[in-house]
Amino acid sequence: MALPGSAGTRAAVGLCRIAASASSSAAAGLCRIAASASSPSPSAAAGGRREWELPFALVAERGMVVGGHRGMGMNAVGAPPGARVGAARERENTLLSFGRAAAHAAVAFVEFDVQVTKDGCPIIFHDDFILTQGIGAVYERRVTDLLLEDFLSYGTQKESRKVSKPLLRRAGDGRVLNWSTEEDDSLCTLQEVFQRVSPRLGFNIELKFDDSIAYHRKDLDCALKAVLQVVFQYARNRPVFFSSFHPDAAQMMRELQSLYPVLFLTEGGTYKHHDSRRNSLDDAIRVCLEYDLHGIVSDVRGVLKNPSAVIRAQESNLALLTYGELNNVSEAVYVQYLMGVHGVIVDRVEEISNAVAGFGKPDLGQSGAGVDGGGAKHQAFSQQQLGFLLRLIPELIEQQH
């Protein structure tokens with residue numbers, strides 16, 4: 001995102017003032033980001049891989065894209081009523097949820113989790129285990145140990161004659177609770193999602209693997225090829241990109257095909273892993289450059305705590321997207337917009353997509369025009385916008401996991 005000189009200068013000054021109470025390194029990083037946003041990165045100017053190589057024509061037009069997390073937002077089982085996160089009324093990762101996200105013109109893509117059943121069918125489901133209620137006990141089975149028919153027997157059924165197994169879910173504190181939503185829908189396959197969701201909606205296919213398992217290369221290869229078979233057959237002109245927390249899976253998907261971008265998912269240093277490739281944004285950048293990946297999807301806290309990494313990603317022509325609870329706060333998303341983050345994955349899809357759609361619009365309440373006069377695309381930042389930063393930057397930079 002290029003900022004005009006006068007607005008970029010004001011933004012840099014504002015960001016420096018805002019970050020005064022944060023750590024000195026974080027403050028310096030934010031100031032450099034704001035100041036450098038007015039000029040293209042050296043590698044981009046030299047003709048290297050550009051950030052809009054991602055299948056989002058909207059990136060170049062808007063400066064930021066919005067993706068729906070598991071559709072219209074994840075289901076946080078056990079979340080208190082009115083919680084900002086977990087408020088999605090639809091069951092996550094379903095055709096119902098994806099279809100409603102597609103109805104919002106400002107939503108560029110949906111993110112969803114793909115696993116492969118024991119008989120080789122890619123399905124949409126986040127958790128490693130699926131839980132149900134038996135006679136006096138709770139039963140759980142690993143999703144990838146199920147046959148497709150077994151998997152589809154859980155939850156609401158497409159055909160009324162079929163018996164439905166109740167769906168339970170383990171909350172973050174370990175409790176097993178009924179997984180209930182205001183509006184339900186049946187579990188689905190990757191093929192169904194391609195066939196039945198509007199082709200204008202992009203797909204961020206997260207290649208889901210269990211962190212507790214040491215996968216053999218042949219097992220990863222088999223799962224990835226099963227996913228690719230469906231994508232090649234049904235994607236047509238739909239915007240598609242892959243992402244994965246598993247660095248070997250990301251590398252292999254990049255080697256198996258060159259049509260669709262592959263991004264590396266990372267907690268950005270907010271969580272300690274035994275695999276050192278997953279322990280910081282700087283590690284993620286190195287992984288992307290070594291494996292020739294197209295970009296990073298980071299926990300937003302990792303970006304806000306290490307803002308100088310945004311510059312390094314930009315200079316390496318890597319796309320940068322974020323996920324996490326802070327992305328459900330429009331002020332936090334606006335900070336990222338100024339930093340040059342390309343996209344955000346959110347749970348409060350309608351609220352945040354509407355907010356982002358307005359970021360690049362001129363503030364009619366301001367008397368000053370942009371650098372190019374009244375017709376300039378970018379206008380001077382309003383006091384309200386700077387107020388967002390003044391209230392939030394110190395807290396967000398210091399946010400602890």
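Distance CZ/Phe129 to CZ/Arg141: 11.5 Å, rounded to 0.5 Å. Between Met64 atom CE and Ile352 atom CD1 the span is 10.0 Å, to the nearest 0.5 Å. With values rounded to the nearest 0.5 angstrom, Arg301 atom CZ is found 4.5 Å from Thr270 atom OG1. Summarising the geometry, atom CD belonging to Gln157 is positioned 10.5 Å from atom CG belonging to Asp184; distances are rounded to the nearest 0.5 Å. We find the CG-NE2 distance between Asp210 and His246 to be 10.0 Å, quoted to the nearest 0.5 Å. Note that CD of Glu111 is 6.0 Å distant from OG of Ser243, once rounded to the nearest 0.5 Å.
Asn279 is listed as a side-chain neighbour of Lys272, based on a closest heavy-atom distance under 4.5 Å. Within the 4.5 Å cutoff, the side chain of Leu168 has no heavy atoms near those of the Trp179 side chain. Side-chain contact between Asn317 and His294: absent, with no pair of heavy atoms (C-beta onward) separated by less than 4.5 Å. Leu187 has its side chain within reach of Phe125: a pair of non-hydrogen atoms, C-beta onward, lies under 4.5 Å apart. Side-chain contact between Tyr291 and Arg254 is absent, with no heavy atoms from C-beta onward closer than 4.5 Å. Between Phe242 and Leu228 the shortest side-chain heavy-atom distance falls below 4.5 Å. Looking at heavy atoms from C-beta onward, Phe264 lies out of side-chain contact with Val297 at the 4.5 angstrom threshold. Side-chain contact between Asn75 and Arg169: present, with at least one pair of heavy atoms (C-beta onward) separated by less than 4.5 Å.
Within a 6.0 Å sphere centred on NZ of Lys158, other residues, nucleotides and ligands contribute more than 12 heavy atoms. Crowding of Lys225 atom NZ: a count of heavy atoms from other residues, nucleotides or ligands under 6.0 Å not exceeding 12. For Arg196, the CZ atom is loosely surrounded, since the number of other residues' heavy atoms within 6.0 Å does not exceed 12. A 6.0 Å sphere centred on CD of Gln229 holds no more than 12 heavy atoms belonging to other residues, nucleotides or ligands.
Among Val116, Ile123, Asp127, the single residue meeting the side-chain contact (heavy atoms from CB on, under 4.5 Å) criterion with Val143 is Ile123. Checking each of Met74, Glu92, Glu206 against His126 for a side-chain contact (heavy atoms from CB on, under 4.5 Å) leaves exactly one that passes, namely Glu92.
Under a 3.5 Å cut-off, the side chain of Glu192 and the backbone N or O of Thr189 do form a donor-acceptor pair. Remark: the backbone N or O of Leu320 is paired with a side-chain donor or acceptor of His342 at under 3.5 angstrom. A donor-acceptor pair under 3.5 Å is formed between the side chain of Ser353 and the backbone N or O of Val349.
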**Request:** Run the numbers on Glu267 and His273 for side chain to side chain donor-acceptor pair (under 3.5 Å), then give the verdict.
**Result:** CA-CA 10 Å; Glu267 287 91 349; His273 283 276; 3.1 Å; yes
**Request:** Any chance you could lay out the ring pair (Phe, Tyr, Trp, His ring centres under 6.0 Å) test for Phe241 and Phe203, step after step, and finish with the verdict?
**Result:** CA-CA 6 Å; Phe241 68 100; Phe203 286 171; over 10 Å; no
**Message:** With side chain to side chain donor-acceptor pair (under 3.5 Å) as the criterion, how do Ser153 and Asp150 come out once you've worked through the C-alpha distance, each side chain's angles and the decisive distance to 0.1 Å?
**Reply:** CA-CA 5 Å; Ser153 68; Asp150 293 335; 5.3 Å; no
**Request:** Determine, step by step, whether Leu220 and Asp248 satisfy the side chain to side chain contact (heavy atoms under 4.5 Å, CB included) criterion, reporting the C-alpha distance in whole Å, the side-chain angles of both residues, the deciding distance to 0.1 Å, and the verdict.
**Result:** CA-CA 8 Å; Leu220 292 175; Asp248 295 330; 4.1 Å; yes
**Message:** For a side chain to side chain donor-acceptor pair (under 3.5 Å) check, start with the C-alpha distance between Thr266 and Asp299, then their side-chain angles and the critical distance, and finish with the verdict.
**Reply:** CA-CA 7 Å; Thr266 178; Asp299 187 317; over 6 Å; no
**Asked** Passes side chain to side chain donor-acceptor pair (under 3.5 Å), Ser180 versus Asn178? Steps please.
**Response** CA-CA 6 Å; Ser180 59; Asn178 287 323; over 6 Å; no
**Intermediate values then yes/no, side chain to side chain contact (heavy atoms under 4.5 Å, CB included), Gln336 and Val344** = CA-CA 9 Å; Gln336 296 174 72; Val344 288; 3.8 Å; yes
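Contact check on Glu255 versus Arg217 returns a salt bridge, with a Lys/Arg side-chain nitrogen under 4.0 Å from an Asp/Glu carboxylate oxygen. A salt bridge is absent between Arg278 and Asp275; no separation between the charged side-chain nitrogens and carboxylate oxygens falls under 4.0 Å. Classification of Arg100 and Glu183 as a salt-bridged pair holds, one side-chain N sitting under 4.0 Å from a carboxylate O.
Between Phe245 and Phe209, the ring centre distance reaches or exceeds 6.0 Å.
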